[in-house]
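Here's the structure, in structure tokens; my notes come after.
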Number of protein chains: 2
Amino acid sequence: MTTPTIDRQIERRLADADVRYTRGRRVVISALAEADGPRSAAELSRVIGESVPLSSLYRSLAVLEEAGVLAPHFSSPGLTRYELAEWLSGHHHHLVCICCGIVQDIEVADGLEQRLQEIVADIAGGVSFSELNHALEIEGHCAGCA
Amino acid sequence: MTTPTIDRQIERRLADADVRYTRGRRVVISALAEADGPRSAAELSRVIGESVPLSSLYRSLAVLEEAGVLAPHFSSPGLTRYELAEWLSGHHHHLVCICCGIVQDIEVADGLEQRLQEIVADIAGGVSFSELNHALEIEGHCAGCA
DNA sequence: GCTCCTTTTGATATTGATTCTCGTTAGAGT
DNA sequence: ACTCTAACGAGAATCAATATCAAAAGGAGC
Ligand SMILES: [Zn+2]
Ligand SMILES: [Zn+2]
Ligand SMILES: [Zn+2]
Ligand SMILES: [Zn+2]
């Protein structure tokens, strides 16, 4: 259930970009806001149902990514999952199940995130690469696949 | 240039799995050993040339992954890149250019890797998820895209 | 080298996710 | 309500990847 706060932030962002926040797009955002991790077009379609045709779903995902509202995530062969961008959902990391492929968001306590940030800066500091962000994926077996 | 050591390790692993280490497969391994990061079938084909048809290249990648010699890597929409598995190349992380998409391996000094390991264990310790491995991707602009 | 048997190859067809096309529909502003 | 433009949606097209299957190559034994 999209929080009113997030919804208002998205409204403003889309208005600034002259992109309409239509019914179909609201449905997509709502489905992603309820998920506890990134979801693919097919996974979303299964949840949303017929009300948003696949071709529209794909275009909505592309438009919302372009507007910076959604971020893509890659962890399975041949498909792209999307989630709310971090400025909406907060910085977090992912648990990736190597058995069933599901990806789950995980919040990292401030202290740990701080230490992680330092390590990343140390690593990137030694090479000619301008670090902008980092993504930590923890791979293993989820509760269902234990 | 595949080091003789790595080549011997692969020979043994494939022999154990009753999989032949054929010319085409050697070419693929050699190209990946020379790369400084994961490469897709198309990227490899560009380097290798006509001597290994795409259909064979794809099958070689699948066979070598199945045998545990190669590991897949996902960071770009709609394609899979491969690299030597970590038991061959050593544990490492990746720099991902958000501009051109190239992925580059990066070695992490033991001390940093140790601290990273601790953080990962701390994060995974709090949830019902059996941690097996971790992947840290540092996103930013590569030297070419600066 | 020759035979038999199994694995691999490679040209081609096929699948599956995603994107494109284009006529139709809906939204914001007047 | 009228207009103008953005968005929609059904279907075609694209592109990475996989499946087919007949032909070629390896290996073991002779
Ligand atoms: Zn699982
Ligand atoms: Zn996430
Ligand atoms: Zn770059
Ligand atoms: Zn790597």
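First the proteins, then the strands, lettered A, B, ... as listed; each starts at 1.
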>> If you only use heavy atoms from C-beta on, which nucleotide in C:dT18, D:dA17, D:dG9 is closest to the side chain of B:T80?
In response: D:dA17

Whole-Å gap separating [atom2] ([N]) and [atom1] ([X]):
X: B:Y21; N: C:dT9; atom1: OH; atom2: P; value: 12 Å
X: A:I29; N: D:dA7; atom1: CD1; atom2: P; value: 14 Å
X: B:I48; N: C:dG10; atom1: CD1; atom2: P; value: 12 Å
X: B:R26; N: C:dT9; atom1: CZ; atom2: P; value: 12 Å
X: A:Y58; N: D:dA10; atom1: OH; atom2: C1'; value: 15 Å
X: B:R20; N: C:dT9; atom1: CZ; atom2: P; value: 9 Å
X: A:L54; N: D:dA7; atom1: CG; atom2: P; value: 20 Å
X: B:L79; N: D:dT14; atom1: CG; atom2: C1'; value: 15 Å

> Do the charged groups of B:R39 and B:E83 touch, with an N to O distance under 4.0 Å?
Replying inline: no

> Is a salt bridge present between B:E11 and B:R26, judged by a nitrogen-to-oxygen distance below 4.0 Å?
Replying inline: yes

> Taking the six-membered ring for Trp, is the centroid-to-centroid distance between B:H134 and B:H91 below 6.0 Å?
Replying inline: yes

> Hey, are A:E113 and A:H93 close enough side-chain-wise for a donor-acceptor pair under 3.5 Å?
Replying inline: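 Side-chain D/A pair, A:H93 to A:E113: present.
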
> How about A:H73 and A:E137: does a side-chain donor come under 3.5 Å of a side-chain acceptor?
Replying inline: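 The criterion, which ignores hydrogens and geometry beyond distance, is satisfied for A:E137 and A:H73.
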
>> Could you work out how much the helix from C:dG1-D:dC30 to C:dT30-D:dA1 bends, comparing the axis of its first five pairs with that of its last five, to 10°?
In response: 40°

[X] near the nucleic acid: base, sugar-phosphate alone, or nothing, with a heavy-atom cut-off under 4.0 Å?
X: A:S55; result: base
X: A:R25; result: sugar-phosphate
X: A:V19; result: sugar-phosphate

> 5'-most contact on DNA chain C: A:Y82 or A:T22, nearest heavy atom basis?
Replying inline: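 Checking each residue's closest nucleotide, the 5'-ward one belongs to A:Y82.
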
>> Would you say CD of B:E66 has more than 12 non-hydrogen atoms from neighbouring residues, nucleotides or ligands within 6.0 angstrom?
In response: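 12 or below, so no.
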
>> Tell me if a side-chain donor or acceptor on B:S45 pairs with a main-chain N or O of B:A41 at a distance below 3.5 Å.
In response: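 Checking the backbone N and O of B:A41 against the side chain of B:S45, no donor-acceptor pair under 3.5 Å is found.
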
> Do the side chain of B:R59 and the base of C:dG10 come within less than 3.5 angstrom through a donor-acceptor pair of N or O atoms?
Replying inline: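 Pair found.
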
